[in-house]
Every structure is written in structure tokens, then in C-alpha cells.
S.K.: 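First the structure, then my questions, so here it is.
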Amino acid sequence: MSDTPYDMIIKGGRVIDPALGFGKDAHVLIKDGAIAGIETDEAVFGDIGNATVLDATGKLVVPGLIDAHVHLREPGREDEETVITGCRAAAAGGFTAVCCMPNTSPVIDNQETVMFVQDRAEVADARVFVVGAITKGSQGKELSEIGDLVKVGAVAITDDGHWVENSEIMRRAMEYSKMFDIPVMDHAEETTLCAGGVVNESFESTRLGLTGRPAVGEEIAVLRDLALCRVTGARLHLQHLSSRRAVDAVRKAKAEGIRVTAEACPHHFILTDEAIAEEFNTSLRVNPPLRSADDREAIIEGLIDGTIDCIASDHAPHAEEEKDCEFDHAPPGMIGLETTLGLVKTFLIDKGYLTWADAVAKMTINPARIFNLPGGTLKQGLPADITIIDPDRVWTVDAKKFRSMSRNSPFVGWELTGQVYRTILNGRIVFEQDQ
Ligand code: DOR
């Protein structure tokens, strides 16, 4: 505790807080790790004592970003990422909170593993909210003890990486999730159609001689799970939507009042499967796969009209030696925590698809509301989790600068506009650009 009125003043930036409907030049005041207020009038904090003053002139000051879909790989693959390094990457990307997926080794399907990750996260540079597995070992055969997972703080359940093929099990999972008011996150790719596929099923897959994962696999999975969501009244969160018909189905379901939300990842609103032939870069191998230009457009339309609520990275670190192989042998996934913000600015905001306020909402208050997380807003009294963005800074993605332990990004070498300037967690600066 200090005897000055505030510990930190973020001065002169444009404060954007969609939850508060606030978007003005203002000063953010921090005291004892919490937001003490947002002031437009400098006279109010005339005596700053020995508060740290962060000059945010020309910058955007927004609630700490939240990434609803991140793989931290601990326990089990600490050579690819750990809770600590993943959270360092999060901070460098402007994220103060992440939801981590349970496809670790062992799978996060029991209280001990949830608590293990939470324990690791205690000293990390971002908040970690653990998502538990729907089924034991994510094998799709037997439900996890969902109540136990929730009791120790799991914020959702998913078998991410796999679709729960058994409809009866998925129905029960939804019924339990409703009892605990958590969403079921859904990797919607119908197994029998998609098994063995490594790229979108299309003219491209035929031309390249690679096995396809058809968009209809996503559509079928989404339609079944929307139907189960309708009968159970549960909350369904569709992960990484990638195809037009899936987006259309979610739009219709929302209009009908079904409790569904959805996320999209930068690679699905920026890239198409045509990028693969250029150099067979294995960082482009991802599930669900990169699809057609029409699908990509549909994702953007879904983001614009609110069908898609969140932008998430699906940060999926993989070891270099495992990605350094033929395209169809590479494990699926790409890292994204450190590039998402720049990609959103360059490919959604600069192109006029989303305003800053819309984009920030999809990375703050929307995921906070869906997963019942604290934060996502700069409301007075809440922990001071804040991201300061340099909106016009042009930078080149440099693999050597990644805080993540892995390097599997297809965006390496790309020039982006918009970069994190400072990331603040609990009133503490956890990331400074150029430091
Ligand atoms: O591409 C992917 N990689 N999709 C997933 O669903 C899982 C993820 C991973 O864990 O690497």
C-alpha cells in the first residue's frame, strides 16, 4: 500500500471498454492492483505523489485481452510449451487471461490435473482458466466427473482435438454442464468424415494429392450439437468455426434462441487452403483446416454480424522436429498468442470489417461473459488487467522474438500493423514492448 492516491496512472490514451460503452480519451487510475477509476479530467488527480505515470498518448487502453482457446501443453509436453512460457507469450500478445485446453498428457479430466495447472499458473504472467475434458482421456467413451472438475474451478468442458462422436454422451455432458452453468466447448468435426484428412476437401486437396477433411464434416457436427443444445437447454460454445454452412447454422440457431456462442481464429479469417501449395509449410496444417475463399468470407461475415462472438487464437505449439516433415505427417496446429492482435488490426480493423470496439469486445467482455470469468472490463474495483496497444505501429513477425517455446507460425515474416505496447496484470506491468 502506498500513501499516494494512486500507484499508477495510464495517462492520455484512448480508453475503449465495450462493456462500459466507453470510448474516449481518458486516464486510467490504478491503486492496490485494482482499477480505481477512469477520469477524463486531469485536474482530478492533480497530486500524483509518486505514482508511476505511463504515457499512453496515441495508444489505445483496453481491458486485458482474453483468449478462450489456448494449448499450454503442460503437463506432458513441456518441450513445446509450459504454463509459464505460454503465459509469457500471452502477455507479449496482450492477453491477460487464457482458457487452456485439456488435451495434455495426462488429459485434464480430474481434479488433480486441474489443480496442477492452476498451481503452475500462480506465478505466471497471465490468468489461466482451466477447461476440463468432457470424457475421460478425451476418448469419447465415458464422461469425466464434471461436477468434480467444476468444484475445483474448471470454467468449461471440451474434448478439443476430437468431436464427441457418441450423441448420448454429448447429451449427458450438456445436461451436466447446464446444472453447473458452464458451456460445453465443441470441436465440431464429424469423425468418420474427417478422420485421416489433413487439408480441406476441395479441388486443392485433389490437386495436391492430400486427404481432405470436408466442410460438411463441420456442418454435420454443428447441426447435431445445436440439436442437442436445443433439447437440453445447455450452453454450447463452438470452437474455431471454419466453414460457411456452419456459420449459417449458428446464425439460424441464435435467431431461434438456442444458447450457442462461437469463436473464430485468425487463420480462418485470413488464410485459405490455396496457401498450402506455395511451400507446403507445415504450420498451415491445422484442424479444422484452412478452407475456401468463400468460407473465409463467411467467417468475416459472422464476425461482423455477431454470429461469431469471440476471436481466439487456438495457440497450438508443436515441436520443431515434429513439424519438420512431409505436410501430411505433421501434427495439426499453429501458435497464435503473439500474432492475434496484429492480425486482427491488419485484417479486420484496417480492412473496415470491425471497429476497434467490436474487435476488443470479441477479445474481452464476450469471452468473459461466456466463460463466467472475472474481468473483460475496466470497471472500478476490478483487478487492473489492462492492455495498451500501439495501433499504428508496423512490425514484422520475427520467430526469434517469440516468447512461446514453439515457432510453428505461418505468419513469420509477415508485416502487421498494431502491436502491444504494455500488458498489465493485477496492476503490475508484465510485458513492455522494446524492453
Ligand atoms: O490444429 C489443432 N491443433 N486443432 C486442434 O483441435 C488441436 C490442436 C492441438 O492440440 O495441437
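Both ligands and their constituent atoms are indexed starting at 1 by order of listing.
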S.K.: Check whether the ring centres of H267 and F411 lie less than 6.0 Å apart, and answer yes or no.
M.R.: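 Between F411 and H267, which both carry aromatic rings, the centre distance is not below 6.0 Å.
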S.K.: Among all protein non-hydrogen atoms, which one is nearest to atom 8 (C) of ligand 1, and what is the separation to 0.1 Å?
M.R.: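 Looking at atom 8 (C) of ligand 1, the protein heavy atom closest to it is H71 NE2, 3.7 Å.
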S.K.: Just which atoms of ligand 1 are under 4.0 Å from any heavy atom in D160?
M.R.: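 Every atom of ligand 1 under 4.0 Å from some heavy atom of D160: 6 (O).
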S.K.: Which ligand 1 atoms does G161 reach within 4.0 Å, using its non-hydrogen atoms?
M.R.: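 Heavy-atom distances to G161 below 4.0 Å select 6 (O).
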S.K.: Counting only heavy atoms closer than 4.0 Å, does ligand 1 sit against the backbone of H187, its side chain, both, or neither?
M.R.: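 Under 4.0 Å from ligand 1, H187 contributes side-chain atoms alone.
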S.K.: Please report which non-hydrogen protein atom sits nearest to atom 4 (N) of ligand 1, along with the residue it belongs to and the distance in Å to one decimal place.
M.R.: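 It is N287 O, 2.9 Å.
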S.K.: How far is atom 9 (C) of ligand 1 from the closest protein heavy atom, and which atom is that?
M.R.: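 Going by distance alone, atom 9 (C) of ligand 1 is nearest to R73 NH2, 3.4 Å.
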S.K.: Any idea which part of H318 is under 4.0 Å from ligand 1, heavy-atom wise: side chain, backbone, both or neither?
M.R.: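 It is the side chain that gets close, since no backbone atom is under 4.0 Å.
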S.K.: Got an N/O contact under 3.5 Å between G333 and ligand 1?
M.R.: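 Among all N and O atoms of G333, at least one is under 3.5 Å from an N or O of ligand 1.
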S.K.: How long is the straight-line distance from OG1 of T423 back to CG of L65, given to the nearest 0.5 Å?
M.R.: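 Reported value, rounded in 0.5 Å steps: 7.5 Å.
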S.K.: Against S242, only a single residue in R296, H268, E218 fulfils side-chain hydrogen bond (donor to acceptor under 3.5 Å, both in side chains); can you say which?
M.R.: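 Output: one option passes, namely E218.
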S.K.: Determine, using heavy atoms of R77 and all atoms of ligand 1, whether some pair is separated by less than 4.0 Å.
M.R.: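 The answer is no: ligand 1 sits nowhere under 4.0 Å from a heavy atom of R77.
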S.K.: How about E189 and P289: do any of their side-chain heavy atoms sit closer than 4.5 Å?
M.R.: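 Yes, at least one pair of side-chain atoms sits under 4.5 Å.
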S.K.: Check the orientation of H71 and H69. Use parallel for under 30°, tilted for 30 to 60°, and perpendicular for over 60°.
M.R.: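 The rings of H71 and H69 sit tilted, inter-plane angle from 30° to 60°.
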S.K.: Any nitrogen or oxygen of P332, main chain or side chain, under 3.5 Å from a nitrogen or oxygen of ligand 1?
M.R.: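 Such a contact does occur with ligand 1.
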S.K.: Can you tell if the side chain of W414 reaches within under 4.5 Å of the side chain of I270, non-hydrogen atoms only?
M.R.: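 Counting from C-beta outward, W414 and I270 do come under 4.5 Å.
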S.K.: Distance under 4.0 Å to a non-hydrogen atom of V286: what atoms of ligand 1 satisfy this?
M.R.: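 Per the distance check, 1 (O).
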S.K.: Do NZ/NE/NH1/NH2 and the carboxylate oxygens of R230 and E256 come within less than 4.0 Å?
M.R.: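 Between E256 and R230 there is a salt bridge, with a charged N closer than 4.0 Å to a carboxylate O.
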S.K.: Identify, for atom 10 (O) of ligand 1, the protein heavy atom at the shortest distance, and state residue, atom and that distance.
M.R.: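 The closest heavy atom on the protein side is N103 ND2, 2.8 Å.
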S.K.: With under 30° as parallel and over 60° as perpendicular, where do the rings of F280 and F327 fit, or are they tilted in between?
M.R.: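 F280 vs F327 ring planes: perpendicular.
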